[in-house]
Protein chains: 2
Amino acid sequence: MVKITDVARRAGVSPSTVSYALSGKRPISEETRRRVETAARELGYRPHAGARALASSRSNVIALVVPLRAGIHVPVVMQFVGSVVTAARRHDHDVLLLTQEEGEEGLRRVADTALVDALILMDVQLHDPRLPLLRSLDRPTVMIGFPKEADGLTCIDLDFRTAGERCVDHLAQLGHRVVALVGSPPEVYVRGTAFAQRVVQGFTAAADRGGLVCAVHPCEATPAAARRVAERLLRDQPALTGVVVHNEPVLEPLIDAFTRLGLRVPGDLSVTAICPDELAESLRVPVTSVALPSAEVGERAVELLMEKLGGAAVPEATLLPPRLTRRASTAPRPA
Amino acid sequence: MVKITDVARRAGVSPSTVSYALSGKRPISEETRRRVETAARELGYRPHAGARALASSRSNVIALVVPLRAGIHVPVVMQFVGSVVTAARRHDHDVLLLTQEEGEEGLRRVADTALVDALILMDVQLHDPRLPLLRSLDRPTVMIGFPKEADGLTCIDLDFRTAGERCVDHLAQLGHRVVALVGSPPEVYVRGTAFAQRVVQGFTAAADRGGLVCAVHPCEATPAAARRVAERLLRDQPALTGVVVHNEPVLEPLIDAFTRLGLRVPGDLSVTAICPDELAESLRVPVTSVALPSAEVGERAVELLMEKLGGAAVPEATLLPPRLTRRASTAPRPA
DNA sequence: TTCGCCCGTCGAAGCGCTTCGACGTCACGC
DNA sequence: GCGTGACGTCGAAGCGCTTCGACGGGCGAA
C-alpha cells in the first residue's frame, strides 16, 4: 500500500503538505502542488478511508435506508437508489445500504460508529417510530416523505396532495362528474404511509371543491385484484367516467379489465395515474399521468444532505410540484 | 462520543482488555468480561468504525456492484440486493452500493482506499472487462454469473443451461415437438451476458437431443414487442405447441397476446418460464417455471465471500441446481 | 531601512482502535 | 520446593491521515 509519506518523499515535501496540496485546505504554491499531484499519480496513491475518517471525523459515506417490504413498487425504489448513488458520487460520497428491517438499531449503529456522515430515509410513515431517534442523532438526515410531525427534520417528496388534485381537476375540466381513486394496497394505508394518504386527501378535496361524486378503493398489487376492483367500481358507481390510479402494478391490468368489461379508454372511461412517466408511456393506451420524479427526488435529497453537512441551513420541507402530462387515456366525458 | 478508554475506566481494566473482552480474540476471565460488557452497555459504547478499520485493516464493509441498465429485470436485482444486505448483516458486515456505471475506477477506488474488504459483482458479461482488475485487486471477490474465462475467480449463479434444458425436457415429456424460446432483449445478447446465452445453449441442446424443432426469439421488454413476437412465432412455426419464456416483463403480455390470437394456454399452447416463482404464481394462468432463486444466490454469494475473507478456499464455480415447478400453463400436446 | 504581515511549508500531536510482547500469578508435575 | 506453562491482563506501539501552531522569508508600508 502506498501511503502519504511515500508521496511526500517522492515530491520532496512533508506529509502535511501533501495533505494540503491534495485537499486544497491551505494555500500551496502552484509548483509544489503540481509536484505532489504528479507524485501521487505516479505512485497510484489512494488515501486510506479508515485513516482519513479517523483523523477528519468524516467518512464520506452516507446511509440510505430502503424499504424492501410489501406494497411498494420496486422499480421506483430502484430508480431512486440509483439516483442517490449517482448524486452522492458527484459529491465524492459513497452510499451504504440499509434495509428497513434493520430498524432503529441499524440507524443508531451506523451513526454512532461514525460509519456514515449522514442519512437518507425512504418510505417514511405518518407516525414514524424512527423520528425521535433521528432527532437525537448528531448526524444530518433527509427523509423522503412527510411524517405528521416533522419539525426540526428535513423532508422532501413529490407534492402528492396536489398531484391527487391535479388528476381530479384534469378530469373535472374534461367534464367528468363521477370519479374514483384506485389506490395503494390496504396495508399501505394501515401503515400510515404518508404519500398514499396525501393522494387521497388531494383527490377528495378536489372532488369536493369541484362538486364531483367520488370514491376511494385501495387495491392489492395483483392483476386479479385489479379485475375485482374494476368490477366493483362499475357496480357501485354505474355513472363512473373518470378514474385516478395510484398503484403502479395494477395500472395495466386495470385498464385491461375495464376493456374486457366493455368500457373503452378513453371513449367511455378516462384514466389518469400517478406513476413514473416511463410506465405511463409504455402502455397500449398511453396514460395521462402525474410523473413520479424519483430520480429528481433522490438527487435533491442528496444535495440537501450535502448542504447540511456543509453547515448550511436548508428548508425543512421541499415539495416538488407535480407535473401532469396529457396522453391518450383521457377525453371529454361522453355525452 | 464514548470511547474504549471510557469503558476501560468504568470497568476498571485497561483498554486492551476491553478490546479483547469484546472481540474474544484472547481469553478473558468470565468475571472481567462481564464487567466490561456491562460497562460498554451502560455507556452505550460503539467502536469507531474508522479507527477500527485503521487498526485492524478490516472495514467490515463489502461492496455490491449492481447493474442499473436496460434489459435487466429490476425486481430480481432488488430481491438480490435485499438478500445480500441481510446475509452480510448476519456476518456483521455492511454493504456499500456501487453502480455499474462507476466502472473499473469505482472498483479500484473502494478496494484501494480500503473502504471495503471484499466485493460482489452482479451482471457479469461473458467477456467482462473487469476481470483483469479483479484478479489484480488484493480483495476477495464473488461474481454472480459466469464469464468465459473465470480461472482464479469465484462465481455463482443459477445453472441457467440446465434450466433451459429442464424447460425443454418438460415440454418434450408432454409430447411437444415444436418449441420456441422467447428470450431477453437483443441488447442483452449483444452485450454477451452469460446467463442469457446459457439458457439458449441449454434450450437448443435439449431440443436437439430430443429431436425437437426449435427457434429462438429475443424480445424487447415491452408488451408491444411481446405481441409482435407472438405473431411472428405463429407465422414462422405454425406447428408450435410449446414456448419457453426467459424474460420476466413480457411473460404476461405474451400469454395475453397468444390468447388474443385464439390460442388457449395450456389447451393449444404450453408455456414455461424461467423467472421468480412469485411472478409465475401471480399470473392468471399460473406458469410452470424454473425458479430464479435470487435470494438464495445472494445469500450464498455472501457466505462464499466470508469464507474467503476467513482465508478458506472455496470452489471457483457454484451452480445452483434448477428446480422446475409444474403449474397450470403446461399440458400434453393437443392431439 | 525596519516592522509587520501574509504566504507557503513543516513538525508534531493526535484521531480511537487493535495487537504484540511482556509480565505476574497460579496450578501442576516432578 | 522449584521449574514450567497456561492464563489473564497491561502497556505501548502503531495503523495512515488531518490539522494546529509555528516558522522563515518575502514584500509592502511607514
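Residue numbers begin at 1 in each chain, while the letters A, B, ... track the order of the sequences. Only this structure's heavy atoms are used, side chains among them; waters, hydrogens and symmetry mates stay out.
- Using a 4.0 Å cut-off between charged nitrogen and carboxylate oxygen, A:R35 and A:E31 count as a salt-bridge pair.
- Residue A:S57 places no side-chain N or O under 4.0 Å from the OP1 or OP2 atom of D:dT18.
- Pairs of residues two or more places apart, or lying in two chains, that qualify as salt bridge (Lys or Arg N to Asp or Glu O under 4.0 Å) and include a residue from residues 10-19 of chain B are B:R10-B:E42.
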Protein-nucleotides 12-15 of chain C N/O pairs under 3.5 Å:
unit_1	atom_1	unit_2	atom_2	d
C:dC15	O2	A:A55	N	3.4

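- If you take CD of A:E30 and P of C:dG8, they are 10 Å apart, rounded to a whole angstrom.
- Residues meeting the salt bridge (Lys or Arg N to Asp or Glu O under 4.0 Å) test with B:R26, sequence neighbours left out: none.
- Residues passing the side-chain hydrogen bond (donor to acceptor under 3.5 Å, both in side chains) test with A:T113, sequence neighbours excluded: none.
- Residues meeting the side-chain hydrogen bond (donor to acceptor under 3.5 Å, both in side chains) test with B:D123, sequence neighbours left out: B:R69, B:Q100.
- Note on the helix from C:dT1-D:dA30 to C:dC30-D:dG1: angle between the axes of the first and last five pairs equals 40°, rounded to 10 degrees.
- Put simply, the residue from A:L305, A:L107, A:L64, A:I62 that forms a side chain to side chain contact (heavy atoms under 4.5 Å, CB included) with A:L119 is A:L107.
- Ion pairing between a basic and an acidic side chain is recognised when a charged N comes within 4.0 Å of a carboxylate O; B:E37 and B:R33 show such pairing.
- In this structure, A:I28 atom CD1 and D:dT19 atom C1' are separated by 13 Å, rounded to whole Å.
- Residues from residues 33-49 of chain A that place a heavy atom under 4.0 Å from any atom of DNA chain C: there are none.
- Atom-to-atom, CD of B:E31 to P of D:dC7 comes out at 19 Å; the value is rounded to the nearest Å.
- Note on residues 8-59 of chain B: no pairs pass ring-ring contact (aromatic ring centres under 6.0 Å, His included), not counting sequence neighbours.
- Within the structure, salt bridge (Lys or Arg N to Asp or Glu O under 4.0 Å) contacts touching residues 134-144 of chain A (residues at least two apart or in different chains) do not occur.
- Residues A:E102 and A:R130 are not paired through a salt bridge, judged by the lack of any N-O separation under 4.0 Å between the basic side chain and the carboxylate.
- A:E316 and A:T154 form no side-chain donor-acceptor contact under 3.5 Å, judged by distance and modelled atom types alone.
- At a cut-off of 3.5 angstrom, the base of D:dT19 holds no donor-acceptor pair with the side chain of A:R26.
- Within the structure, the ring-ring contact (aromatic ring centres under 6.0 Å, His included) test picks out the following pairs touching residues 127-160 of chain A (sequence neighbours left out): A:F160-A:F195, A:F160-A:H246.
- Remark: B:R34 pairs with B:E30 by the salt bridge (Lys or Arg N to Asp or Glu O under 4.0 Å) rule, at least two apart or across chains.
- Within residues 17-25 of chain A, the residues having any heavy atom closer than 4.0 Å to DNA chain D are, in order of number, A:S19, A:Y20, A:K25.
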